[in-house]
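Structure first, commentary second.
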Amino acid sequence: MTTRDNNRYNFIAIESKWQKKWLAEKTYKVTEDTSQNKYYLLEMFPYPSGRIHMGHVRNYSIGDVVARYKSMQGYNVLHPMGWDAFGLPAENAAIKHNTHPAIWTYENIDYMKNQLQRMGFSYDWDRELATCDPDYYRWEQLFFIKMYKKGMVYQKITEVNWCETCQTVLANEQVIEGECWRCDNQVLPREMNGWFFKITDYAEELLSECSNLSGWPEKVLTMQRNWIGKSEGAEIDFPIDGLEGKLTVFTTRPDTIYGATFMSIAPEHPLVEKLCKGTGQEKAVEGFAKETAIERRRQKPEDELDKKGIFTGSYCINPYNGNKIPIYAANFVLMEYGTGAVMAVPAHDQRDYEFARKYDIPVVIVIQQDSVEIDSASIECAYEGPGTLINSDNFNGMSSESAKVAITEFAQEKGFGKKRTTYRLRDWGISRQRFWGAPIPMIHCEKCGVQPVPENELPVLLPTDIQPDRSGRSPLPDLESFYKTSCPSCSGVARRETDTMDTFVESSWYFARYACPDFTEGPLKKENVDYWLPVDQYIGGVEHAILHLLYARFFTKAMRDLGYLVIDEPFSNLLTQGMVIKDGTKMSKSKGNVVDPNDLIEKYGADTVRLFSLFAAPPEKSLDWSDKGVDGASRFLNRIYRFIHTHLETLTTGQDKTAPEMNNAGRLLHRKTHQTIRKVTRDIEDNFHFNTAISAVMELVNTLHSVTGTEAKEEVNPAIIREAVKSTILLLHPMVPHICEELWEKIGHQNSLNREKWPTYDPEAAKEDELTIVLQVNGKVRSRLQVSADITEEDLEHMALEDEKVKQFVGDKPIRKVIVVKKKLVNVVA
RNA sequence: GCCUGGGUGGCGGAACUGGUAGACGCAAGGGACUUAAAAUCCCUCGGUCCUUGUGGCUGUGCGAGUUCGAUUCUCGCCCCAGGCACCA
């Protein structure tokens, strides 16, 4: 081996050396220390699918920079990691390999933990948790029971997607064009009993709190608001002609009620049967309902359903004008929203308009547009905007806005209607007919009904001695040792609930458990969660913008109302990072463009991989993976390494107590150093723009090379070089910690960089003493001036007018105006 | 259809509150070192025109506008990505 080889950047040796040291010394372990300011940084925990992918690399690299940066800023940083370990892939793998899902899961966890450690992330591994661990899910079961006792959980029968072949319920996203994603068989609607969390009780709070989440991207808040989908309107009763009872509708446009010319109700509406009875329409309506059910399920989400309906044979009475209007069952009316019945105003609602034209139903205009007159014969689409009421008896002449209020109040006074707010958000159905999930801790007793498992009997453990069979059906309902139990109230024979919880429940509270992962007396240790929560910065993929984040917000409020937490919102700041793509598309096996982090770590080392994933794009944008770009990142680290090695003598000798003497080159480097500290600090602090932070450090390193290179005219004071190099290492540490620790040690430091202070800049040193002033004539750049920073505006103007190029372009035209912008430019208008 | 983002060199991306468009990196081309290659170092690098200069014109999706000056602000349009989608 030659000396040159000894000085080469050996990332394999360096990275494993520091990783071992960090692990052995528990460098990143934190404790609750109220004398220090806390900072809780969290990245979304992974599903242990087998190996980490580039999305994880990016997510966790971003998080690690923030954790290390905050730590150097003096915060007591909580930065934990764990495993979202329940879920269907484990069951499928278990079937395939004839084993237990736990075995597959824990093997994956071991492997992936090792991968994360090889990336050098600064986690406090003492707080690691896996949601499939009974010590975790037992507390989830306790939450369930507490919520049940408080009325926040209930059971109801709903229609679900059922796959007969797989013997399971499928989530909506697992039904592809009406067929099961796994076996391609037709999915059937099926009525099933399931457990629900009353998230709708929190709809208003979840919505209104959105405006307080100033640290969240507007995009995510908009998505959440839309998902909650609040709409304000009225509920109005329409008596049914010739029958007992009434049809209640929800409308956001009570002002258009005089224009209602028919009613449309969902084909599965409970009144349908009664409405068509004895009218001769029974058969036809029943057939229509069946057809609609099938069609809806088959329908691709992107194409619009043809509007269809059928007359039920009955009429109802508009309570405002006494008009008798026909009731139709229509395929576009949803039973789940509002009341399942709609008053149809074809003149002012596009869907109703299309429907009315198709079935030849009258169109009555009741809102007159302010600018143009419209009439019912000539209009070609509904007018949905505001206007003035016509054809509306006493309400004529009112604006649509005030009529909404007046018409609703009228109904309220007369007792046939009221104000009503509806939400698109539905209660959260959490029952899954699956094995690998947290058992729902309930007991069904024939005599006493449904009962919660007594709290002191928790956890309800998943059996460990079974294997899921090939049918894909959960073994729990057939496993007597699991389901057979006694009733907590009458002690008779009873049956355990065999459904498990949606895995989104685990991820709805894991962030709180990290505050006290080993606490055995309850789910959350009060003083710990009060110290650490809320999460100061949460980082994860934008694909979780609705479900996970909404559920976690809801669960936080539920835990608060159960007395476990004092906070209202779990995540103060949210960063949603973009996808990692390659060749312009998502990485996927079928496209053959998947990049495996392991290959990269082996070829380039973790620091290079981290550096490139931070450098290639700002975090919120998608990252286009480029193999050549990785070479560039690797080259940069080598360049720093080599520089420090060739200047080791300069860097390790000498005392830097007093202010050093500076020549021009020295001043240049000194200034650049302080400018870089300023730029990097701001880029991290303001918006996590690590790409520009890294490019700033690259510029500093380029300057270091140019002032010390063979072309350099003068020798720079070694103290200035030492300052530049030390700053470079400190600034890069959060991004590429291994090489920085190594170089820090090489230049004579003993402390781990994690205990070093983040560098500060001297504004005086960062100040430019010479500026380039741009000279424009009529807004076009014509010349440049080098001036000292303290030049007066008058002198600047004078110099500009004397400039040869300026004179040339002004020619003999008179000067009309001279605009002087301090430190920037002079524009001569001629 | 509605709601969010976003359109800048061959590519990823920079540009503070309206003030030098293209930082930094990649790719490409040229050169140095070398027997050679790799590595490294240096130079060029939006387009175009000519009289080759310390040059002219032009250029941030398209079209207008405000301004001394617009990638940045306003209006209209086109395209791309993501979300929601018969929600009454």
Side-chain angles (χ1 to χ4, degrees), chain A residues 4 8 217-227 229-231 233 249-253 256 264 296 299 301-302 304-307 330-334 336-345 349-352 354-355 422-425 542-543 545-546 576 578-579 581 584 611-612 615-618 620-633 635-636 638-639 642 679 682 686 689 691-699 701-702 705 709-711 772-784 804-805 816-830:
Chain A
R4 218 180 70 214
R8 271 198 50 207
E218 202 46 48
K219 172 188 171 152
V220 175
L221 293 175
T222 308
M223 280 163 74
Q224 294 231 340
R225 288 189 186 106
N226 290 343
W227 189 263
K230 180 179 181 173
S231 67
V249 302
F250 171 72
T251 180
T252 54
R253 294 295 304 271
T256 64
S264 33
R296 272 188 190 163
Q299 200 209 347
E302 62 269 19
E304 201 166 297
L305 190 72
D306 236 9
K307 282 172 194 56
N331 64 348
F332 60 88
V333 180
L334 307 171
E336 314 87 81
Y337 185 77
T339 61
V342 192
M343 66 173 211
V345 184
D349 181 287
Q350 187 57 27
R351 285 161 310 184
D352 297 344
E354 285 167 33
F355 195 89
T422 59
Y423 298 89
R424 210 187 73 108
L425 182 70
V542 70
E543 64 273 18
I546 299 172
T576 49
M579 284 189 311
I581 59 174
L611 185 71
F612 181 71
F615 177 66
E620 69 278 5
K621 287 186 67 168
S622 63
L623 182 153
D624 204 341
W625 195 264
S626 144
D627 296 334
K628 293 288 186 185
V630 184
D631 284 334
R635 218 172 297 164
F636 173 65
N638 271 291
R639 206 161 126 87
R642 233 179 305 117
K679 169 92 176 130
R682 284 185 186 166
D686 293 353
H689 278 193
N691 56 333
T692 48
I694 292 166
S695 72
V697 181
M698 285 174 168
E699 285 187 53
V701 173
N702 289 345
H705 269 90
T710 45
E711 315 273 290
T772 306
I773 301 292
V774 169
L775 302 185
Q776 296 183 333
V777 178
N778 293 332
K780 286 187 181 172
V781 180
R782 296 303 181 187
S783 185
R784 269 153 242 241
E804 278 307 314
K805 295 286 291 185
R816 285 191 289 154
K817 207 181 198 181
V818 178
I819 290 145
V820 181
V821 181
K822 248 200 271 175
K823 295 181 183 172
K824 295 265 187 221
L825 59 68
V826 181
N827 187 10
V828 181
V829 186

Any side-chain heavy atom of [X] sitting closer than 4.5 Å to one from [Y]?
{"X": "A:Phe612", "Y": "A:Asp627", "value": "no"}
{"X": "A:Arg639", "Y": "A:Asn702", "value": "yes"}
{"X": "A:Glu804", "Y": "A:Arg782", "value": "no"}
{"X": "A:Val826", "Y": "A:Val818", "value": "yes"}

Out of [options], which has the shortest distance to the side chain of [X]?
{"X": "A:Lys219", "options": "B:rU40, B:rA88, B:rU4", "result": "B:rU4"}
{"X": "A:Ala617", "options": "B:rG13, B:rA23, B:rC68", "result": "B:rG13"}
{"X": "A:Glu699", "options": "B:rC24, B:rC87, B:rA27", "result": "B:rC24"}
{"X": "A:Arg635", "options": "B:rC87, B:rC26, B:rA14", "result": "B:rC26"}
{"X": "A:Pro618", "options": "B:rA14, B:rC84, B:rA27", "result": "B:rA14"}
{"X": "A:Phe250", "options": "B:rG25, B:rC57, B:rA88", "result": "B:rA88"}
{"X": "A:Arg424", "options": "B:rC87, B:rG19, B:rC68", "result": "B:rC87"}
{"X": "A:Arg642", "options": "B:rC84, B:rU40, B:rC68", "result": "B:rU40"}
{"X": "A:Thr252", "options": "B:rG12, B:rG25, B:rA88", "result": "B:rA88"}
{"X": "A:Lys621", "options": "B:rG13, B:rC57, B:rA21", "result": "B:rG13"}

To the closest 0.5 Å, what do you measure between NE2 (A:His705) and CZ (A:Arg642)?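 It comes to 6.5 Å.
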
To the nearest 0.5 Å, how far apart are CD in A:Glu218 and CZ in A:Arg225?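 Taking CD in A:Glu218 and CZ in A:Arg225, the distance rounds to 5.5 Å.
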
Kindly say if [X] contacts the phosphate of [N], meaning a side-chain N or O under 4.0 Å from OP1 or OP2.
{"X": "A:Ser231", "N": "B:rA88", "answer": "yes"}
{"X": "A:Asn691", "N": "B:rG25", "answer": "no"}
{"X": "A:Asn702", "N": "B:rG25", "answer": "yes"}
{"X": "A:Arg639", "N": "B:rC41", "answer": "yes"}
{"X": "A:Arg682", "N": "B:rC16", "answer": "no"}

Using a cut-off of 4.0 Å on non-hydrogen atoms, how would the nucleic acid contact of [X] be classed: base, sugar-phosphate, or nothing?
{"X": "A:Arg782", "value": "sugar-phosphate"}
{"X": "A:Val829", "value": "sugar-phosphate"}
{"X": "A:Gln776", "value": "base"}
{"X": "A:Lys628", "value": "sugar-phosphate"}
{"X": "A:Val818", "value": "nothing"}
{"X": "A:Asp352", "value": "nothing"}
{"X": "A:Asp349", "value": "nothing"}
{"X": "A:Ser622", "value": "sugar-phosphate"}
{"X": "A:Gly632", "value": "sugar-phosphate"}
{"X": "A:Arg225", "value": "nothing"}

Looking at A:Phe615 versus A:Phe636, is the centre-to-centre ring distance below 6.0 Å?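 A:Phe615 vs A:Phe636: aromatic centres not under 6.0 Å.
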
Rounded to whole Å, how long is the line connecting atom [atom1] of [X] with atom [atom2] of [N]?
{"X": "A:Lys679", "N": "B:rC24", "atom1": "NZ", "atom2": "P", "result": "12 Å"}
{"X": "A:Trp625", "N": "B:rC11", "atom1": "CH2", "atom2": "C1'", "result": "16 Å"}
{"X": "A:Asn827", "N": "B:rC68", "atom1": "CG", "atom2": "C1'", "result": "5 Å"}
{"X": "A:Phe332", "N": "B:rC87", "atom1": "CZ", "atom2": "C1'", "result": "12 Å"}
{"X": "A:Glu620", "N": "B:rG6", "atom1": "CD", "atom2": "P", "result": "9 Å"}
{"X": "A:Asn638", "N": "B:rA39", "atom1": "CG", "atom2": "C1'", "result": "10 Å"}
{"X": "A:Lys824", "N": "B:rA21", "atom1": "NZ", "atom2": "C1'", "result": "14 Å"}
{"X": "A:Leu221", "N": "B:rC3", "atom1": "CG", "atom2": "C1'", "result": "13 Å"}

Does a distance-only test, which skips hydrogens and angles, find a donor-acceptor pair under 3.5 Å between the side chain of A:Lys823 and the base of B:rC16? no

B:rG9, syn or anti by chi within 90 degrees of zero: syn

For B:rC41, what is the paired nucleotide under Watson-Crick or G-U wobble rules, both distances under 3.5 Å? B:rG31

Partner nucleotide, any strand, of B:rG46 [Watson-Crick/G-U, under 3.5 Å]: B:rU58

Please determine whether side-chain hydrogen bond (donor to acceptor under 3.5 Å, both in side chains) holds for the pair A:Arg816 and A:Asn778, giving the CA-CA distance in whole Å, both sets of side-chain angles, and the decisive distance to 0.1 Å. CA-CA 10 Å; A:Arg816 285 191 289 154; A:Asn778 293 332; 5.3 Å; no

Of A:Leu623 and A:Asp631, the one whose closest RNA chain B nucleotide lies more 5': A:Leu623

On RNA chain B, compare the nucleotides closest to A:Val542 and A:Thr222; which residue's is nearer the 5' end? A:Thr222

